[in-house]
Number of protein chains: 2
Amino acid sequence: MSPTQLLSTSISSSSSAFLAAPFAFKARNQNVSFASKTPSICTCAAAPQEQKTVYKTQVSRNANIAKLQAGYLFPEVARRRNAHMLKYPDAKVISLGIGDTTEPIPEVITSAIAKRAEALSTLEGYSGYGPEQGEKPLRTAIASTFYAGLGIEEDDIFVSDGAKCDISRLQMVFGANVTMAVQDPSYPAYVDSSVIMGQTGQFQKDVEKYGKIEYMRCTPENGFFPDLSKVSRTDIIFFCSPNNPTGSAATREQLTRLVQFAKDNGSIIVYDSAYAMYMSDDNPRSIFEIPGAKEVALETSSFSKYAGFTGVRLGWTVVPKQLLYSDGFPVVKDFNRVVCTSFNGASNICQAGGRACLSPEGLKAMSEVIGFYKENTNIIMDTFNSLGFNVYGGKNAPYVWVHFPGQSSWDVFQ
Amino acid sequence: MSPTQLLSTSISSSSSAFLAAPFAFKARNQNVSFASKTPSICTCAAAPQEQKTVYKTQVSRNANIAKLQAGYLFPEVARRRNAHMLKYPDAKVISLGIGDTTEPIPEVITSAIAKRAEALSTLEGYSGYGPEQGEKPLRTAIASTFYAGLGIEEDDIFVSDGAKCDISRLQMVFGANVTMAVQDPSYPAYVDSSVIMGQTGQFQKDVEKYGKIEYMRCTPENGFFPDLSKVSRTDIIFFCSPNNPTGSAATREQLTRLVQFAKDNGSIIVYDSAYAMYMSDDNPRSIFEIPGAKEVALETSSFSKYAGFTGVRLGWTVVPKQLLYSDGFPVVKDFNRVVCTSFNGASNICQAGGRACLSPEGLKAMSEVIGFYKENTNIIMDTFNSLGFNVYGGKNAPYVWVHFPGQSSWDVFQ
């Protein structure tokens, strides 16, 4: 969620379960710091001071980017962390910021990556430009591992350097003239990329929302699934389940309603299933488990949280050939065109890692990694429960959503 | 260049010097095939046949993408290659299509990549999300290797998954309302990404150009440097030197004129220096060698053609903090915002390879790889010269530009 959304929601802090070691909160006001991954090189909130002697081009700044209210959330989290560390150099910081991974990548996967890297120094093992859409064996393995029996074929799958990157490529495909809906709260890249592409109006300070975006409220009261009878029609519906940041997962019945809602409205669902392997309940792992979804949905996912690939960078997006624009043109052809123009395929070395992930040994190793994070999630949930807070999520996702009554998110963060 | 540009230029074929082995053309009409790297999954030129029973969403297709006249050039080259191979299965295809690399990556580089991959399976060596802008040691090494003494600092440099990807991110930064100029002929990603972002008008079939783009004609007559007195002012000027595809490199005097032209017009130069290490003459390797360039230019580059990283994916873009929009806002802050929103950094494994490239052993190994391709370039030049063709480029770039009088590019290709 964006900082502004954080402030506007009554549920005021998300906690990532990606912790290196178990921990416990001792008391509500203890000096616990929240950290993120990396210092940002600059904050973008204020214009620089003008100097008379400075040369300026005559190129106008992109008015859409100027609409953005602050830096991307996680660099801002990092900035506050760093400021805190300067003030309290001895503070022991536990990162509850970005959902970063801390567990080593299973050796069966890294050895496959290393082997591919070494092969690149031989004439037989060398490969140059690969297919922009990804190497065929990996696309086939993704289809059979995650979409068996769902009618998704290898050529519906595009391997990428991560779901976040694909979200922006999808926005380029849709262009400036679509309208979009998003869960509230939600992963900030949906809204921010929409603003950058010019799909939104100005930021409205009174309601702390961007104009033209349909915010679908997800709260404990509605079980973190929006009341679709109150949601206006939009062209695009971003929907993440299991959800970042609330940790909730939509049921089969809820997703069936969502697909019907999209079909009634002629909308396209961008379904983010990056946490599907964390599911404990019998909820769908893919939107394509819902009959008819291929005509109204595409799906993006990632190896990041399954295999610790947050730094390695590997994900995929499924665009079924049945998904058509109003003029009957397949969305997949335009997505392919943007992928070919704006991307050159994921690194061949990382794709070797992806294939290893989907081998029988790799799948077993990934489920152990996921088990570790789920254990951490349980520790966080138990801790906050024992402190008397209302705790949501956690069961089907590595995210825990805690209610701090009467406090804004940034207040809790500080 | 796009297929349409190919057809409209009197210089009608580019030849890549990236060949696995020396070869010679025996005769002008010999059955030599031109191949590219990968089959495309679809061609996007024609709308599918409509069926009455098919469900369509009510989302309108992005009108900007619909302007594109054909698939991206290189998949089209691959499509024709594959059709040829089906017809003549025994044909020995020599790829003169996309500038792909064929030489193995030096072992000093792959071993560093493998080592980093293996370290990721240990608690000490593991890293998750890295800085979106790239790891600091690599940014520092790029600054000191390629920009020493030019006033470019580590925080001006953004490590990426390749120059092509950064070009699209730059287009997102600039938005739909800028005007752009491009060398004619040029690398097709500039124009195609501009069309996708909505910066252009419709394709004009009579002149085979997109409306609103300023095509800067580069021919043997003007030494492949545009006559700037005939170029209209645009916001953005894409300029690639050493040039893909003509193989020509701009001199210091020419680049000084280009920078002055940009300064007079308040334009921003996007300088593509992906082939700088192929320079034999004493021309600038970076636009920042020209005094004042930091106020009007940014630069994108790549490890692809230096170390055989076309499949590994690693590049960088330099955005000097001195480069300002008309309102004084630094371009680098908006580029950083887009990079943080639409990208999650280049793969940490590949960045380890980048650092190895810039070690003393890596630099020596890269110059040997470049030497190999330059030797191939010489063979191609000598061959076409001996056949009586006019041959350009080749000396400062891996590209050779051959004049086939009276024939269109696609005719020569076929």
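All chains are named by letter (A, B, ...) in the order of the sequence lines, taking the proteins before the strands, and each is independently numbered beginning at 1.
- Looking only at side-chain heavy atoms (C-beta outward), A:Asp235 and A:Phe174 stay at 4.5 Å or farther from each other.
- B:Ala262 touches chain A through its backbone: at least one of N, CA, C or O sits under 4.5 Å from a heavy atom, while the side chain does not.
- Between chain B and the options A:Gly308, A:Gly162, A:Ser127, the largest number of non-hydrogen pairs under 4.5 Å is found for A:Gly308.
- Heavy-atom distances place both the backbone and the side chain of A:Ser342 under 4.5 Å from chain B.
- Within 6.0 Å of NZ in A:Lys321 there are more than 12 heavy atoms belonging to other residues, nucleotides or ligands.
- The parts of A:Leu123 that come within reach of chain B are both its backbone and its side chain, each placing non-hydrogen atoms under 4.5 angstrom from that chain.
- Only the side chain of B:Asp161 comes within contact range of chain A, with heavy atoms under 4.5 Å apart.
- Both the backbone and the side chain of A:Ser60 come within less than 4.5 Å of a heavy atom of chain B.
- Neither the backbone nor the side chain of B:Ala63 has a heavy atom closer than 4.5 Å to any heavy atom of chain A.
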Point to revise | Derivation and outcome, side chain to side chain contact (heavy atoms under 4.5 Å, CB included), residues B:Ile65 and A:Val338 | key: CA-CA 8 Å; B:Ile65 297 183; A:Val338 166; 3.7 Å; yes
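- Only the side chain of A:Leu323 comes within less than 4.5 Å of a heavy atom in chain B; its backbone stays farther off.
- Side chain of A:Thr310 to main chain of A:Asp100: no donor-acceptor pair is present (N/O by atom type, distance under 3.5 Å, no hydrogens or angles).
- Among B:Gln351, B:Glu124, B:Met172, the residue making the largest number of heavy-atom pairs under 4.5 Å with chain A is B:Met172.
- Residue contact with chain A, scored on non-hydrogen atoms closer than 4.5 Å, is absent for B:Lys136.
- Without hydrogens or angle criteria, B:Ser193 side chain to B:Ala189 main chain gives a donor-acceptor distance under 3.5 Å.
- Taking both residues in full, the closest heavy atoms of A:Asn64 and A:Asn62 are given as N-OD1, 2.9 Å, listed atom of the first, atom of the second, then distance.
- The shortest side-chain heavy-atom distance between B:Glu154 and B:Gln133 does not fall under the 4.5 Å cut-off.
- By the 4.5 Å heavy-atom criterion applied to side chains, A:Arg169 and A:Phe158 are not counted as neighbours.
- For B:Asn265, the part sitting under 4.5 Å from any heavy atom of chain A is the backbone (N, CA, C, O) and nothing else.
- Interface summary for chain B: among A:Gly311, A:Gly292, A:Pro106, A:Gly198, the most heavy-atom pairs under 4.5 angstrom belong to A:Gly311.
- Between the B:Gln69 side chain and the B:Lys67 main chain, a donor and an acceptor come within less than 3.5 Å of each other.
- Counting heavy-atom pairs closer than 4.5 Å to chain B, the top-ranked of the candidates A:Ser304, A:Ser121, A:Ser111 is A:Ser121.
- Residue A:Val312 touches chain B through both its backbone and its side chain, counting heavy-atom pairs closer than 4.5 Å.
- For a residue to count as touching a neighbouring chain, one of its non-hydrogen atoms must lie under 4.5 Å from one of that chain's; by this rule A:Ala176 does not touch chain B.
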Practice item. Could you check B:Asp155 against B:Arg139 for salt bridge (charged side-chain N to carboxylate O under 4.0 Å, His left out), going step by step and ending with a plain yes or no? Key: CA-CA 7 Å; B:Asp155 64 353; B:Arg139 298 171 82 189; over 6 Å; no
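- Of the atoms belonging to B:Phe343, heavy atoms from both backbone and side chain fall under 4.5 Å from chain A.
- Heavy atoms closer than 4.5 Å to chain A are found in the side chain of B:Arg233, but not in its backbone.
- The neighbour count for B:Lys115 NZ, taken as heavy atoms of other residues, nucleotides or ligands under 6.0 Å away, does not exceed 12.
- Looking at A:Tyr325, both its backbone and its side chain come within 4.5 Å of chain B, counting heavy atoms on both sides.
- Across all non-hydrogen atoms, the minimal contact from A:Met180 to A:Tyr190 is CE-O, 3.3 Å.
- With respect to chain B, the highest number of heavy-atom pairs below 4.5 Å among A:Gln171, A:Gln322, A:Lys263, A:Arg116 belongs to A:Lys263.
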